[in-house]
Amino acid sequence: MKRFVYINEDNLAHDLYCDNRISNRKYTIWNFLPKNLWEQFSRFMNQYFLLIACLQLWSLITPVNPASTWGPLIFIFAVSATKEAWDDYNRYLSDKKANEKEVWIVKQGTKKLIQAQDIRVGNLVWLRENDEVPCDLVLLGAADPQGICYVETAALDGETDLKTRLIPPACVGIDFELLHKIKGVIECPSPDKDIRRFDANMRLFPPFLDNDVCPLTIKNTLLQSCYLRNTEWACGVAVYTGNETKLGMSRGIPEPKLTAVDAMIDKLTGAIFVFQIVVVIVLGIAGNVWKDTEARKLWYVRYPKEGPWYELLVIPLRFELLCSIMIPISIKVSLDLVKSLYAKFIDWDDQMVDLETGIRSHAANTAISEDLGQVEYILTDKTGTLTENKMIFKRCFVSGTFYGNENGDALTDAELLSAVSSGSTDVIRFLKVMAICNTVIPVQSKNGSISYKAQSQDEEALVRAAARLHMVFVNKNGNFVDIKFNASTIQYEVLDILEFTSDRKRMSIVVKDSQSGKIILLSKGADEAILPHAYTGQQVRTYAEAVEQYAQLGLRTLCLAWRELEDEEYQEWAVMFKEANSSLVDREWRVAEVCQRLEHDFEIIGVAAIEDRLQDGVPETIETLRKAGLNFWMLTGDKQNTAIQIALSCNFVSPEPKGQLLMINGKTEDEVCRNLERVLLTMRITSSEPKDVAFVIDGWALEIALKHYRKAFTELAILSRTAICCRVTPSQKAQLVELLKSCDYRTLAIGDGGNDVRMIQQADIGVGISGREGLQAARAADYSIGKFRFLKRLILVHGRYSYNRTAFLSQYSFYKSLLICFIQIFFSFISGVSGTSLFNSVSLMAYNVFYTSVPVLVSVLDKDLSERTVMQHPQILFYCQAGRLLNPSTFAGWFGRSLFHAIVVFVITIHSYAFEKSEMEEVSMVALSGCIWLQAFVVALETNSFTILQHLAIWGNLVGFYVINWIVSALPSSGMYTIMFRLCRQPSYWITMILIVAGGMGPVLALKYFRYTYRSSKINILQQAERLGGPILSLGNIEPQSRSLEKDLSPLSISLPKNRNPVYEPLLSDSPNSTRRSFGPGVPFDFFQSQSRLSSSYSRNCKDN
Amino acid sequence: MNSSTPSSSAGGPGSADPTGPRRSSKRPKYSRFTQQELPACKPILTPKWVISTFLLISFIFIPIGLASLFASRDVVEIVHGYETDCIPEGSRNDKVGFIQSSLDKTCNRTLRVPKEMKQPIYVYYELDNFYQNHRRYVRSRSDHQLRSPTSEHNIGDCGPEGATSNRTHIVPCGLIAWSLFNDTYGFTRNNQQLNINKRDISWKSDRDRKFGRNVYPKNFQNGMLIGGGRLNSSIPLSEQEDLIVWMRTAALPNFRKLYGKIEVDLQAGEIINVTLQNNYNTYSFKGKKKLVLSTTSWLGGKNSFLGIAYLTVGGMSFFLAMVFVVIYLIKPRQLGDPSYLSWNRNPGGR
């Protein structure tokens, strides 16, 4: 499908494509009630409750007042409907704001101000500096005569740097006035969500140009939600509008996430439901049989001889209603309540506040805290997540001298400073390359200070460093750049920019010294892209060694080079370059080839080392979490070397001999297949050894692997605890998450940039770091934290506690419901299987709503182990990961306990309140108080740590039970008038209570004690150790070993990853990279020639890993 | 120019817990609750604690159990089943036919007092296999109607016994009232009438609040089917104590209801003659009828269940305590021994 956009034709295409109204709303006012109810009732539990509530309206079968079910049901529905409505209203407000923003468009040749929502496909939209782009546009004109404009795409992909956008060649040079009248047609694909691709072409109608087709790429577009920067104005034609924009297509409301605990609770609910049906059927049949054999003889019951047709159904339905409380309606409310409290605890946590920025942690999704405790895989982004994403120029190597090695900071190295002030030629040239060879834009603010807008953080770091060393990049005016060195200003004219591509791995710039007229080529790039092109006489070995040394420190390296050009040579080349630039076919490759013709015979000036510091506490966090049994995958768009370096320095992979890295790469299916099999083989062999094996895969190979060898790759994913995936795209990140999820692993994705958003939304838990790349990831995520290291606390403390607490709370909810339900069932055996309820409506409702809910709610404060102990023994998280605290077998324990307790309560009650005491209301209250007493002691026994609130809730609730019942007993109209006063005066009542408690809790206590002491779980052992102050606290101590990168900068720890080469070579190497790094001056390393012909957008990091 | 200098955290060993100085502005006030740091006591199940708990239970329970048993034993109780004996020999093949006939149902029985019985002596009738808790039965009443004459029409729940065939309301309506127990007992000792006090046998609260002083029986037992006893329609419901007692439905199919009180002491060996009217039909469902004379104790009537249960629980606790002591002595186990942690055994393993 294609769409044809006619530029500036107001009458065409109006009905063909949607307008620019953005709508994220789920409901309208009219469909809210039905749609919301429909959604709520699509949940099985709600259907069940509704059915029960409806059945209760039939007074023939209802055992209790229908209000006891309808009240809570309506309450629950109202609460969730209100929440939905509120969320939707907020979405509506933000949509409205965006829709009503005013923009300039051209209509009938004149500019008009309209609301953003009225933009139509084909409209010409004018934007001024700092305007937000209202829809997807194809650029037609810009203030810059060369047709360059800058956009910030942070909202789209999370990258905060400025990107250049170009006017299509066909439009370059069109007059400002004429732009209003421009006509043409753009042929573009149907809307999709790929923000990196736009394959279209454009034909302008006369008089603007001949009928040549002009190809368009993503570089010619302005996408919705980007901001126009550093450009006075720009104009473009709307091609996609409203919800059909690239942003709109990739939006979509994420699916609500269901935690593993929720799934388990649903499963258990289903099991209980089946059990309930069985009970109902059995009792229903028994009831009907009893009725026909016995009850007909009971003259006082007066069963009619012939009942209505539904007579057989009456008794089963009565039992269904009687047993309906087996599935507690309160569980949903209690769970929602405690879950939002877990979330609040995260929000409140003072230990997860980023002290630098004051950013608190925030739980945006309040429903999935338990899952944090059950995570098995963590997929993490690198830049900005593990690192600070703050590039700082740290060291350099210029003409045989290392600067910055002593103190770790070249900028304060006295030697370098003196070299600068003494005017050493090499150093000056080095600084000049640093200052000029880039695409940075200096922005002079009013008070004279200069800030830099850079596409790449590396370039910014270099320019800043140069400025610190008195080589200040002052101004860029068209093609002229001004540099201030000490007091003098030097002006250069930029002749050409040979842009950076990931294939070339270098960028160059050709400048002309305005004074001397000399033409110079300045280059900077990766070592393998620069060093092989040195002029023949130069010794590059020293530079290679410097690169190696810096890389070992985890620094990013750039080689800087330059060459003076002869005038003729340049002129000759410039023609070719222009030609290549305007070619329509294979442009990228041609340009690259032309560039190659200029970039040779470099004079290498030096090596700059840039540090992207690890965040504080990253290695400790990763080490702790790995001990906790979590598997880490690093997914980064960065190159392999850097990724591995960072991985090493943050404990991601262990150095040899403990660790081993296995590479998977290759460009073709065959290669990838062979690599994959080789790695798999190694994995299988080593999986039995306690060795730390990780695999490294790049995006290209990953694409092939996921497409053709999914099975093998899945196996690899299961086998490998650690993986490094470099050069992956956002969608691949999401695919990897999907892959792990499909293997039934709980995944947590953590990232900071817009490119992580998809993976964050895809994962079971998405964690966003509110970092330097904006808040996009944080906004999309379920949890946002300020620093990576908070992840440790988030998982080990909050996740673990949440899981434990929910596990207890949900099972307890079933326990107490089953308890009272079993008693009703037992009672039916002595009431002629007729479905009489022992308890009255008030008691039944209050039992679920007050008596048993309050004590258990304070279990949100329960801590089985102190935070300190958990941090020291992260392995204990295993209990949560494996779901040891909430599974069918623990549930069976609770089921058995409620059965046992029901028997205890029932037997004791009917025996001690027999004969003359067997008055219905009294027996009912005795049994009920028995249940309340028991459940108070059950909660007390299962509570690990009693705070004042727990005592208040547990014992206060018991007191509350009596107070409530005294009040009800004082009402003459109630059925239980005076009952509770009577009971409390009877010694036999209290003796019965004590008997029920002792009889019910004695065996439970004995069993628990036995298991606690003689079959103790790891948790129990740690509890004992913690409270008795045993030796364990000192033994398993893993206080963070201070191993931050700062330390690495001291000479002592330079040796840390010294034996790097052997570590990183593939084990069973059959790929050409085994000879990598052996290049030197003698070895031709013509990486470009051999690879560039792939000319695919994907041919990155070719030979070099 | 803002070139970043390395931040100052280089010195600190790790920085996992930034509990340091707190910046104020954006934060909610620090509280122990929000930080989940409320002071907590964390009891654990140490042998000492558990064993002493069980010992304590047994030491408390055994005396209470003994006391209960003695209390129950002190209660003197005469139970006399008469449902068969009060049918004339000839009618025993068709008990139901007899009970439904209009023959004279007077029956004389003699009881022997086994032990001295101090007054007050409670007279109960005990019904067995009578399901007062049956669902059709237990709901078939109207509390509103019983309470106030203006709610006479309130017969919604009264089921088959709400109104007569010509649609006039029945007061008291419902199956419970309709099936009122109507055997009567008269006692003589040494040919002397033994007075049975039938006042105050029902709950005072029922008389005051639940059964109206100005509600009189209406159309009661006038239908085709006659259930149980009849009521004197000139006496208000609040004074119909037999009805009030009967309408306190029992939770169990085997129950006793108070008939009256004998307010003189009975000596051991005395013979008491009972003249009873065997009117009530329990024969169609093979229910038993018993006449019970019983004294009372602080625990109520004769019921040894609590005593036995207490002794059992106390004994079991003592036994468990001993078992735990033995296990503790034979196989002591150090609590919180780190060697039980598998990850300490082979470091690095999972």
Side-chain angles (χ1 to χ4, degrees), chain A residues 297-302 345 348 350-351 355 358 392 464 467-468 616-617 620 629 690 830-832 834-836 875 910-912 915-920 923 944-947 972 977-978 987-988 991 995 998-999 1002 1006 1009 1012 1018 1021 1023-1025 1027-1028 1030-1032 1035-1036 1040 1042 1046, chain B residues 1 3-4 9-10 13-19 23 26 30 34-36 38 40-42 44-45 50 57 124 131 133-138 160 175 179 205 209 248-253 255-256 284-285 298-301 305-306 309 313 317 320 333 335-336 338 340-341 343-344 348-350:
Chain A
K297 297 182 202 154
L298 306 182
W299 55 268
Y300 53 87
V301 173
R302 293 244 308 249
F345 279 137
W348 284 332
D350 273 350
Q351 293 187 42
L355 289 177
I392 301 167
R464 277 172 193 274
R468 281 277 301 270
D616 281 345
E620 294 87 51
I830 59 164
S831 64
S834 59
T836 317
Q875 294 92 334
I910 65 166
H911 280 100
S912 59
F915 305 125
E916 77 278 3
K917 285 193 210 151
S918 76
E919 199 276 323
M920 188 82 170
V923 170
N944 295 295
S945 66
F946 290 91
T947 65
Y977 179 53
T978 70
S988 58
I991 287 185
L995 181 66
Y1009 165 73
Y1012 190 83
K1018 310 277 184 297
I1021 294 171
Q1023 276 173 340
Q1024 292 156 2
R1027 279 153 223 179
L1028 301 175
I1032 193 162
L1035 196 137
S1042 46
E1046 261 102 3
Chain B
M1 210 122 309
S3 64
S4 337
S9 56
S15 38
D17 300 306
T19 30
R23 264 204 237 159
K26 250 181 92 181
Y30 172 87
T34 59
Q35 300 308 309
Q36 308 189 55
L38 285 173
C41 97
K42 302 174 169 182
I44 57 165
L45 300 174
V50 172
I57 291 177
Y124 301 98
Y131 288 87
N133 56 13
H134 193 280
R135 193 176 180 286
R136 265 179 79 85
Y137 186 82
V138 77
L175 287 175
S179 60
S205 60
R209 297 287 188 157
R248 277 271 154 211
T249 49
L252 307 179
F255 59 89
R256 290 174 186 178
S284 31
F285 50 89
W298 59 274
L299 262 184
F305 172 78
L306 278 179
V313 171
S317 298
L320 276 176
R333 180 170 165 135
L335 289 182
Y340 292 115
L341 293 175
W343 59 76
N344 278 343
R350 187 171 171 176

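In what follows, chains are A, B, ... by sequence order, proteins preceding strands, each numbered from 1. Hydrogens, waters and symmetry mates play no part in the numbers below; they use all other heavy atoms, side chains included. Everything quoted here is computed from the prediction, not taken from an experiment.
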Is any side-chain heavy atom of B/Ile44 closer than 4.5 Å to one of A/Tyr1012? yes
Which portion of A/Thr978 sits near chain B, non-hydrogen atoms under 4.5 angstrom: side chain
What's the spacing between A/Asn944 CG and B/Lys42 NZ if we round to 0.5 Å? 8.5 Å
Taking all non-hydrogen atoms of both residues, which atom of A/Pro987 and which atom of B/Trp298 are closest, and how far apart? CG-O, 3.5 Å
Identify the two heavy atoms, one from A/Ile830 and one from B/Ala251, that lie closest to each other, and give their separation to 0.1 Å. CD1-O, 4.0 Å
At a heavy-atom separation under 4.5 Å, does B/Phe285 approach chain A through its side chain, its backbone, both, or neither? both
Just wondering, do B/Leu320 and A/Tyr1009 contact through their side chains at under 4.5 Å, heavy atoms? no
Backbone of B/Leu38 reached by a side-chain donor or acceptor of A/Thr947 within 3.5 Å: no
Mind ranking A/Ala1006, A/Ala998, A/Gly1002, A/Ser988 by heavy-atom pairs under 4.5 Å with chain B and telling me who comes out on top? A/Ala1006
Value rounded to 0.5 Å, distance of CH2 in A/Trp299 from CG in B/Leu175: 9.5 Å
In terms of heavy-atom proximity below 4.5 Å to chain A, should B/Phe255 be classed as side chain, backbone, both, or neither? both
Side chain, backbone, both or neither: which part of B/Tyr131 has a heavy atom under 4.5 Å from chain A? both
Give a yes or no on whether the backbone of A/Val301 and the side-chain of B/Arg136 come within a donor-acceptor separation of less than 3.5 Å. yes
When the 4.5 angstrom heavy-atom criterion is applied to B/Ser317 and chain A, the contacting part is neither
Output, in order, the C-alpha distance, side-chain angles, deciding distance and verdict of side-chain contact (heavy atoms from CB on, under 4.5 Å) for B/Leu299 and A/Ile991. CA-CA 9 Å; B/Leu299 262 184; A/Ile991 287 185; 4.1 Å; yes
When the 4.5 angstrom heavy-atom criterion is applied to B/Leu252 and chain A, the contacting part is both
Using a 3.5 Å distance criterion without hydrogens, assess whether the side chain of A/Glu916 forms a donor-acceptor pair with backbone atoms of B/Gly301. yes
